[in-house]
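Report on the structure given below.
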Number of protein chains: 2
Amino acid sequence: MTQPARRRDAAATRAAILASARKAFARAGYDGVGVREIAAGAGVTAMLVNRYFGSKEQLFAEVAADTVRDAVILSPENLAAADFPAALARSLVEVTTPGATPLDGFQMMLRSSGSPKAVELGRDLIRQGHQAALVGRLEGPHAAERAGIFLALVAGLQAMRQTLELPSLAEADPDTLAGLLEPLIRVLIDGPACPPSPPR
Amino acid sequence: MTQPARRRDAAATRAAILASARKAFARAGYDGVGVREIAAGAGVTAMLVNRYFGSKEQLFAEVAADTVRDAVILSPENLAAADFPAALARSLVEVTTPGATPLDGFQMMLRSSGSPKAVELGRDLIRQGHQAALVGRLEGPHAAERAGIFLALVAGLQAMRQTLELPSLAEADPDTLAGLLEPLIRVLIDGPACPPSPPR
DNA sequence: GCGTCATTTCTACACCTGTAGACATCGCTC
DNA sequence: GAGCGATGTCTACAGGTGTAGAAATGACGC
């Protein structure tokens, strides 16, 4: 199964454990996966996991921090996009597509939400990572709340499309979905442009 | 601790177990709570739970079905409201307020999303319960997708406000939040009224 | 008052969990 | 080639899980 090419390489082993853990945590959540299973996915023994990361909890913390760092929705490209709402809508659909799992961070946190420690960790990571980046990009009042609503939309879509696999969203046409989401996000970012006064 | 008033009452005992399970599942998710804990909350023994419900899984199924039946967002009053989007926004904020837990169904499903069986159950319940009701109320194209997006918004807000307790949403002013959500929901329900062509 | 059945509890069993300590083995350096 | 530290495995342990069967205890009808 696991290629025995790497015989004794601490860095590679560590990375293999991290990768296996990330996949496993995203699939089953903190409580849903055991250390032995993670270790088997990396081709090592359970004890080695604790030897490298101290404990399952610390391993989870490291994985969670990685997922936040690798986030793609609020990437520099998107944050600098000319049409910010459109870029967000497109990324949002891509990132929550059932098959692909480029953004496993949110799903991992949602699936781990039964564990208080995982929740606490996730709150801090999301606040310091995603929310801060988005608030910096928003203008107008209630930036924090609006950023939070956007993050809620991300989390909810992820939950409904990837975790719960609600058919109407999971099997929807990506372009249709993006087309429906774009005006929503536009309202959230630019404000309800139309009722008070037609801009431009 | 638990009042020994009820000595031998099958119906009351069953109800007590259901209530305890509902609270426990909403708090910690399917995997996060044990049968013994649920039983203790109802003042009985663990075995009685299995005797009444067959297994932990069947107990969860019954609890989940109850929460869907008791849902309040898509209540008949809201579905018949003159200003549908406004009513939804108001209920949405109420229902996802951190302290109160009137809608524990979504939170329960989110917290239980590590368990495949719980997920499958939740998908069917949400589809047959909430989504069907909302689709029936929507006009225009892509009603299923739009209903799904709204449900995603509900789930996401619940996750961010009650489960993760993201400060910018959990501690936000309810009226501010409702004011921000209303135009979003309006776009989702009435369509982007302004750019293409004023309907009606 | 007593039999009888529903209601409840006790004991127990495999199984799984995260983690600790002792042991083995590989690979580099001198 | 020998030594030695790093790297990895084995065995084990408490504790917890859901669940099955047997035993006991209550309440009701005759």
Side-chain angles (χ1 to χ4, degrees), chain A residues 1-22 24-25 27-64 111-112 114-118 121, chain B residues 1-22 24-25 27-64 111-112 114-118 121:
Chain A
M1 291 303 167
T2 58
Q3 59 257 14
R6 150 181 61 82
R7 292 293 303 240
R8 257 172 151 75
D9 185 340
T13 302
R14 212 186 124 92
I17 294 176
L18 266 177
S20 169
R22 181 162 173 166
F25 281 142
R27 177 172 44 78
Y30 183 78
D31 287 322
V33 66
V35 187
R36 287 167 177 81
E37 187 180 344
I38 295 174
V44 295
T45 322
M47 260 317 291
L48 208 62
V49 174
N50 270 16
R51 212 165 182 67
Y52 272 93
F53 296 92
S55 69
K56 183 189 180 186
E57 189 184 324
Q58 292 176 48
L59 168 62
F60 182 82
E62 197 145 332
V63 171
R111 286 210 150 117
S112 303
S115 307
K117 308 203 170 161
L121 204 81
Chain B
M1 291 304 167
T2 57
Q3 59 258 12
R6 150 182 60 84
R7 292 292 300 237
R8 258 172 149 77
D9 185 339
T13 302
R14 211 187 125 93
I17 294 176
L18 266 177
S20 169
R22 180 161 175 167
F25 280 142
R27 177 172 44 80
Y30 182 80
D31 287 322
V33 66
V35 188
R36 288 167 177 80
E37 187 180 344
I38 294 175
V44 295
T45 320
M47 260 316 292
L48 209 61
V49 173
N50 268 16
R51 214 157 187 68
Y52 271 96
F53 296 92
S55 69
K56 183 189 179 184
E57 188 184 322
Q58 294 176 46
L59 169 63
F60 182 82
E62 197 145 332
V63 171
R111 286 211 149 117
S112 304
S115 307
K117 309 209 169 155
L121 205 81

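Order of the sequence lines fixes the chain letters, A, B, ..., with proteins taken first and strands second; residue numbering starts at 1 for each chain.
Counting to the nearest Å, the C1' atom of D:dT9 and the CG atom of A:Asn50 are 14 Å from each other. Rounded to whole angstrom, the span from the CD1 atom of B:Ile17 across to the C1' atom of C:dT9 amounts to 13 Å. As a whole-Å value, the separation of A:Asp31 CG from C:dC16 C1' is 13 Å. Atom C1' of nucleotide C:dT8 and atom CG of B:Asp9 are separated by 13 Å, given to the nearest angstrom. The distance between atom CD of A:Glu37 and atom P of C:dC16, rounded to the nearest whole Å, is 12 Å. Remark: P of D:dT17 and CE of B:Met47 are 16 Å apart, rounded to the nearest angstrom. As a whole-Å value, the separation of A:Arg14 CZ from D:dG8 C1' is 16 Å. The interatomic distance linking B:Lys56 (NZ) with D:dT17 (P) rounds to 8 Å, in whole Å.
Taking only distance into account, the side chain of B:Arg51 never meets the base of C:dT9 through a donor-acceptor pair shorter than 3.5 Å. With hydrogens and angles ignored, no donor-acceptor pair under 3.5 angstrom links the side chain of B:Arg36 to the base of D:dG16.
Note: B:Ile38 CD1 to B:Phe25 CZ = 4.0 Å, rounded to the nearest 0.5 Å.
The side chain of A:Ala46 sits closest to C:dT19 out of D:dT19, C:dT9, C:dT19.
The pair A:Arg27-A:Glu37 meets the salt-bridge criterion, since a charged nitrogen lies less than 4.0 angstrom from a carboxylate oxygen.
A:Thr13 has no side-chain polar atom (N or O) that falls below the 4.0 Å cut-off from OP1 or OP2 of D:dT7.
B:Tyr52 comes within 4.0 angstrom of sugar-phosphate atoms only, judged by non-hydrogen atoms across all strands, and of no base. Using a 4.0 Å heavy-atom distance criterion, B:Val49 is classed as making no nucleic acid contact.
Nearest heavy atoms, B:Asp31 versus B:Lys56: CA-NZ, 4.4 Å.
A side-chain contact (heavy atoms from CB on, under 4.5 Å) with A:Val35 is found for exactly one of A:Leu59, A:Leu48, A:Val49, namely A:Val49.
Using a 4.5 Å heavy-atom cutoff, the side chains of B:Phe53 and B:Arg14 are in contact.
Comparing B:Leu48 and A:Ser55 by the nucleotide of DNA chain C that holds the closest heavy atom to each, the one mapping nearer the 5' end is B:Leu48.
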